[in-house]
Amino acid sequence: MIVELDKMTVRMKNPDHVRGIISSIKKDGINKLQVISDFDMTLSRFGWNGRRCPTSHNILDNSHVITEEGKKELKDLLHYYYPIEIDPNRTLEEKCPLMVEWWTRAHDLLSQQKILKRDIAQIVKESEVMLRDGFNEFFDQLHKNNVPLFIFSAGVGDILEEIIHQANVFHPNINVVSNYMDFDDYGILRGFKSPLIHTYNKNNSVLNNTEYFQQLSTKTSIILLGDSIGDLTMADGVASVKNILKIGFLNDKVEEHRGKYLESYDIVLERDETLDVVNGILHYIFTET
């Protein structure tokens, strides 16, 4: 049915269930479809030539606008909090307050750096960020078929929007909820706008304004794309879901996390730096039979 599902990187706990959901989405038609996706390490690459690619936060942290002292402090925060974020033995209840602490401290540090709004485009241009292979087809297919793409990110909204703009794929069907920078009248960063979005609160709790999903109340078929367990709640703001296909990118510590991902996601893509599988599924859904 979809040859991409035979790729070596694909794992499914229940292939028949997956094919059933895809068939149901196709049967209900593209007018009912929306895509909800994480950004960092989901639409953007995890690595390239054996090197880690930066997240939207990393792009800022490592840029020329941050002092050496600032970079060291941000790196210290990463080394302390990242192991907590990915620790399979800690509960969400334990992790959430620590994630708030991490994001708040990082945002406070960035706010002390006098970052200029006009420098954002150059910061992105100089970075090593890359979108996953096949991104053009992904963004263009959704745009061409008028399928809404909701990007829900714990990263930096200004940075990720600039990445998509520089890739020439920021189409009108895209809506982003993320951590946005708050600049003063002189274009100097003075803080971050609320609500604060971290890895584990990507759900209703920060979507106070669920007007977006209310407007899409007829879009009852969802393809959800994420790379962490925290991404699984991104569709919680949708009132009436009929079909939902959850696709998870398992980028790191594959053996350690495989079981949990297979329990949580319908399709798990292991160390797959492409959007081939997603594009194959979309192509199948969009092709008239």
Side-chain angles (χ1 to χ4, degrees), residues 36-48 51-67 70-71 73-75 77-78 81-82 85 99-100 102-132 135-136 138-139 149-172 174-184 186-199 201-202 206 225-228 230-231 234 249 251 273 275:
I36 299 174
S37 181
D38 170 50
F39 183 78
D40 289 313
M41 310 294 125
T42 297
L43 295 180
S44 70
R45 290 182 67 117
F46 179 78
W48 168 252
R51 291 178 62 182
R52 283 285 297 266
C53 287
T55 65
S56 52
H57 267 114
N58 297 152
I59 288 170
L60 210 49
D61 297 354
N62 301 328
S63 71
H64 69 273
V65 299
I66 307 294
T67 63
K71 284 178 182 172
E73 289 181 51
L74 287 161
K75 197 164 274 183
L77 290 180
L78 175 73
Y81 288 104
Y82 181 64
E85 181 190 341
M99 294 302 102
V100 171
W102 180 13
W103 260 253
T104 303
R105 290 177 69 183
H107 287 173
D108 287 347
L109 269 171
L110 290 170
S111 303
Q112 294 163 19
Q113 298 289 316
K114 304 284 187 282
I115 296 165
L116 299 174
K117 188 175 187 177
R118 65 167 186 257
D119 288 340
I120 298 295
Q122 191 60 30
I123 288 168
V124 170
K125 207 171 181 180
E126 290 172 359
S127 77
E128 296 182 345
V129 70
M130 297 172 78
L131 293 173
R132 286 187 188 269
F135 75 87
N136 271 305
F138 171 76
F139 283 99
L149 170 59
F150 180 72
I151 297 175
F152 199 171
S153 171
V156 183
D158 311 73
I159 299 284
L160 75 85
E161 283 199 15
E162 184 60 33
I163 294 165
I164 302 170
H165 277 297
Q166 289 189 15
N168 293 314
V169 288
F170 205 110
H171 302 305
I174 296 173
N175 192 284
V176 181
V177 167
S178 187
N179 295 298
Y180 280 92
M181 300 163 114
D182 190 14
F183 296 95
D184 66 17
Y186 300 99
I188 301 169
L189 181 67
R190 62 179 176 193
F192 280 75
K193 297 172 184 174
S194 61
L196 184 146
I197 301 168
H198 59 75
T199 314
N201 71 340
K202 293 164 79 171
V206 295
L225 309 174
D227 75 307
S228 81
D231 291 331
M234 292 189 298
F249 289 88
N251 299 308
E273 294 290 0
L275 288 165

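Comment: D38 engages K202 in a salt bridge, judged by a side-chain N to carboxylate O separation of less than 4.0 angstrom. Ion pairing of K193 with D182 is absent here, as no side-chain N (NZ or NE/NH1/NH2) approaches a carboxylate O to less than 4.0 Å.
Within the 4.5 Å cutoff, the side chain of L189 has no heavy atoms near those of the K114 side chain. Under the 4.5 Å side-chain criterion, counting only non-hydrogen atoms from C-beta, I163 is in contact with F39.
C53 and N58 make their closest contact through O-OD1, 4.4 Å (heavy atoms, listed as atom of the first residue, atom of the second, distance). Annotation for M234 and I36: closest pair CB-CG2, 3.8 Å, computed over non-hydrogen atoms. Among all heavy-atom pairs drawn from N136 and A167, the shortest one is OD1-O, 4.3 Å. Nearest approach of D61 to K71, heavy atoms of both residues: O-CG, 3.3 Å. Nearest heavy-atom pair, F249 versus R132, reported as atom, atom and distance to 0.1 Å: CD2-CZ, 3.4 Å. Smallest separation of non-hydrogen atoms from Q113 and T67: OE1-N, 2.9 Å.
The line from CZ of F183 to CG of L116 is 8.0 Å long, rounded to the nearest 0.5 Å. The line from NE2 of H57 to CG of N62 is 12.0 Å long, rounded to the nearest 0.5 Å. Rounding to the nearest 0.5 Å gives a distance of 7.0 Å between CD1 of I164 and CG of L43. Taken to the nearest 0.5 Å, the NZ atom of K125 stands 13.0 Å off from the CG atom of D119. To the nearest 0.5 Å, the span separating CD on E73 from CD1 on I66 amounts to 11.0 Å. Within the model, atoms OH of Y180 and CD of E161 stand 3.5 Å from one another, a figure rounded to the nearest 0.5 Å.
Of the possible donor and acceptor atoms, one in the side chain of D40 sits under 3.5 Å from a partner among the backbone N and O of S56. Put simply, the side chain of R45 never gets that close to the backbone of V129: no donor and acceptor are under 3.5 Å apart. Formation of a donor-acceptor pair under 3.5 Å by the E162 side chain with backbone atoms of I120 is not found in this model. Under the 3.5 Å distance criterion, the side-chain polar atoms of S63 are left unmatched by any main-chain donor or acceptor of I123. A donor-acceptor pair under 3.5 Å is formed between the side chain of D231 and the backbone N or O of S228. Formation of a donor-acceptor pair under 3.5 Å by the T42 side chain with backbone atoms of L225 is not found in this model. Between the side chain of N201 and the backbone N or O of L196 there is at least one donor-acceptor pair closer than 3.5 Å. Remark: side-chain polar atoms of W103 are paired, donor with acceptor, to backbone N or O of I197 under 3.5 angstrom. Without hydrogens or angle criteria, N179 side chain to G157 main chain gives no donor-acceptor distance under 3.5 Å. With hydrogens and angles disregarded, no donor-acceptor distance shorter than 3.5 Å links the side chain of R105 to the backbone of V100.
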Mind running side-chain contact (heavy atoms from CB on, under 4.5 Å) on L149 and S37 for me, showing each step along the way?
-> CA-CA 7 Å; L149 170 59; S37 181; 4.2 Å; yes
Mind running side-chain contact (heavy atoms from CB on, under 4.5 Å) on F152 and V176 for me, showing each step along the way?
-> CA-CA 6 Å; F152 199 171; V176 181; over 6 Å; no
Go through the steps for S178 and V156 under the test side-chain contact (heavy atoms from CB on, under 4.5 Å), then give the verdict.
-> CA-CA 6 Å; S178 187; V156 183; 5.7 Å; no
Are R51 and E128 close enough, and set up right, to give a salt bridge (charged side-chain N to carboxylate O under 4.0 Å, His left out), and what steps lead you there?
-> CA-CA 10 Å; R51 291 178 62 182; E128 296 182 345; 3.1 Å; yes
Before giving the answer on side-chain contact (heavy atoms from CB on, under 4.5 Å), spell out for V177 and I151 the whole-Å C-alpha distance, their side-chain angles and the decisive distance to 0.1 Å.
-> CA-CA 6 Å; V177 167; I151 297 175; over 6 Å; no
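The aromatic rings of H107 and F192 sit parallel to each other, their planes meeting at less than 30°, with 60° as the upper class boundary. Ring pair Y81/W102 is parallel by interplanar angle, where below 30° counts as parallel and above 60° as perpendicular.
Using a 3.5 Å distance cut-off with no hydrogens or angles, the side chains of D108 and S111 do not pair a donor with an acceptor.
Atom CD of Q166 has more than 12 neighbouring heavy atoms from other residues, nucleotides or ligands inside a 6.0 Å radius.
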